[in-house]
Amino acid sequence: MKNTIGLLLVMAFLTSCNDKNNQETASIRKDIEGTWRLISAEITEKDSTFSTFDPKTKMIKIINDSHFAFFNHDLNNGKKEDALFFGGGGKYTLKDSTYTENLEYFNNRDWENSKFDFTVKIKNDTLIQKGVEKIEKLRINRIIIEKYVREK
């Protein structure tokens, strides 16, 4: 009898922990969905850290319940020497604060079919994602930190 009660208490505790984790993931998923504008970006490769954010461009990321997409373009309507446009997207998964992008589409095709794991944090209207971009065939192995603000 004592063992049965103990087993029931352990099962109830584990179920409540699982429910709490599911609720937290659902809350993060709801919070992460939307349109985000990049406000800062940095890369760390080996011993060097540098900003990759260019205020002469605009990058947005759109996240819905299953997919993400990002677009970056210059602010001169493509009419000057610094004309720029790139974009990509694919499916993602979110478990707790682990956000995993499966890059299915990208204008640089060598990046396609890559998977990137990030830790995400949302504070008010700011999304911070930190993770490793690693593509062995391109010899890319770097830590990135990107900050986005929610578009209204």
Side-chain angles (χ1 to χ4, degrees), residues 13-152:
F13 175 75
L14 292 175
T15 302
S16 70
C17 289
N18 192 31
D19 287 346
K20 183 179 179 190
N21 287 341
N22 288 341
Q23 289 172 352
E24 287 174 2
T25 298
S27 176
I28 291 173
R29 180 174 300 281
K30 183 177 181 260
D31 291 343
I32 203 169
E33 291 179 13
T35 302
W36 302 89
R37 179 176 37 88
L38 187 69
I39 58 172
S40 76
E42 68 179 34
I43 289 178
T44 301
E45 288 182 290
K46 298 180 182 165
D47 295 332
S48 299
T49 299
F50 52 94
S51 174
T52 58
F53 179 73
D54 183 354
K56 296 179 285 192
T57 67
K58 182 176 182 180
M59 180 172 167
I60 62 167
K61 179 177 276 196
I62 301 167
I63 302 172
N64 68 19
D65 63 338
S66 61
H67 288 76
F68 71 97
F70 57 89
F71 309 96
N72 194 350
H73 68 87
D74 63 272
L75 300 177
N76 298 316
N77 296 317
K79 303 216 187 290
K80 293 190 177 184
E81 291 177 11
D82 63 351
L84 169 79
F85 178 84
F86 67 84
K91 292 182 181 177
Y92 77 91
T93 59
L94 181 65
K95 174 87 171 112
D96 300 323
S97 63
T98 302
Y99 168 75
T100 302
E101 292 182 344
N102 296 291
L103 189 60
E104 298 173 53
Y105 310 100
F106 191 49
N107 58 293
N108 183 339
R109 298 294 177 88
D110 290 334
W111 283 66
E112 289 184 345
N113 301 311
S114 297
K115 181 176 126 180
F116 305 104
D117 293 317
F118 299 101
T119 300
V120 292
K121 197 182 317 180
I122 299 172
K123 292 182 184 175
N124 300 321
D125 65 347
T126 303
L127 166 66
I128 302 166
Q129 83 179 45
K130 178 180 181 179
V132 176
E133 287 182 332
K134 185 172 185 175
I135 305 173
E136 288 185 26
K137 67 183 177 185
L138 298 176
R139 295 186 179 148
I140 294 172
N141 186 6
R142 59 195 181 194
I143 298 169
I144 68 166
I145 300 174
E146 295 177 333
K147 292 183 183 177
Y148 297 86
V149 67
R150 186 180 298 278
E151 287 282 277
K152 305 221 185 303

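Keep in mind it's a predicted model, so treat the numbers as computed, not measured.
Crowding of F86 atom CZ: a count of heavy atoms from other residues, nucleotides or ligands under 6.0 Å exceeding 12.
Note that OG of S48 and CZ of R142 are 13.0 Å apart. Values are rounded to the nearest 0.5 Å. Note that the CD1 atom of I145 and the OG atom of S51 stand 11.5 Å from one another [nearest 0.5 Å]. Atom NZ of residue K147 and atom CD of residue E42 lie 7.5 Å apart, to the nearest 0.5 angstrom. Atom CD1 of I63 sits about 11.5 Å away from atom CG of D31, to the nearest 0.5 Å. Once rounded to the nearest 0.5 Å, the distance linking CD1 of I143 with CD of E133 reads 11.0 Å. One finds the CZ atom of F118 at 10.5 Å from the CG atom of L127 (value rounded to the nearest 0.5 Å).
At least one donor-acceptor pair closer than 3.5 Å links the side chain of D54 to the backbone N or O of K56. Distance alone, capped at 3.5 Å, places no donor-acceptor pair between the Y99 side chain and the K130 backbone.
Contact check for W111 versus L138: side-chain heavy atoms found under the 4.5 Å cut-off. Residues F85 and T57 are not in side-chain contact: their nearest non-hydrogen atoms beyond the backbone lie 4.5 Å or more apart. F53 has its side chain out of reach of E146: every pair of non-hydrogen atoms, C-beta onward, lies at least 4.5 Å apart.
The only option from I43, V132, T52 that meets the side chain to side chain contact (heavy atoms under 4.5 Å, CB included) definition with I144 turns out to be I43. Of the residues T98, L94, I128, the one that meets the side chain to side chain contact (heavy atoms under 4.5 Å, CB included) test with V120 is L94. Among H67, K61, K91, the single residue meeting the side chain to side chain donor-acceptor pair (under 3.5 Å) criterion with E101 is K61.
Evaluation of the side chain to side chain donor-acceptor pair (under 3.5 Å) test over residues 115-128, restricted to residues two or more places apart or in two chains, returns T100-D117.
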* Passes ring pair (Phe, Tyr, Trp, His ring centres under 6.0 Å), F70 versus F106? Steps please. -> CA-CA 9 Å; F70 57 89; F106 191 49; 5.7 Å; yes
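Here the closest heavy-atom approach between residue M59 and residue Y148 is recorded as CE-OH, 3.8 Å. When every heavy atom of K58 is checked against every heavy atom of L75, the shortest pair comes out as CB-CD2, 3.7 Å. When all heavy atoms of R150 and E33 are compared, the pair lying nearest together is NH1-O, 3.0 Å.
Residues meeting the salt bridge (Lys or Arg N to Asp or Glu O under 4.0 Å) test with E112, sequence neighbours left out: R109. T44 meets the side chain to side chain donor-acceptor pair (under 3.5 Å) test with T49; sequence neighbours excluded.
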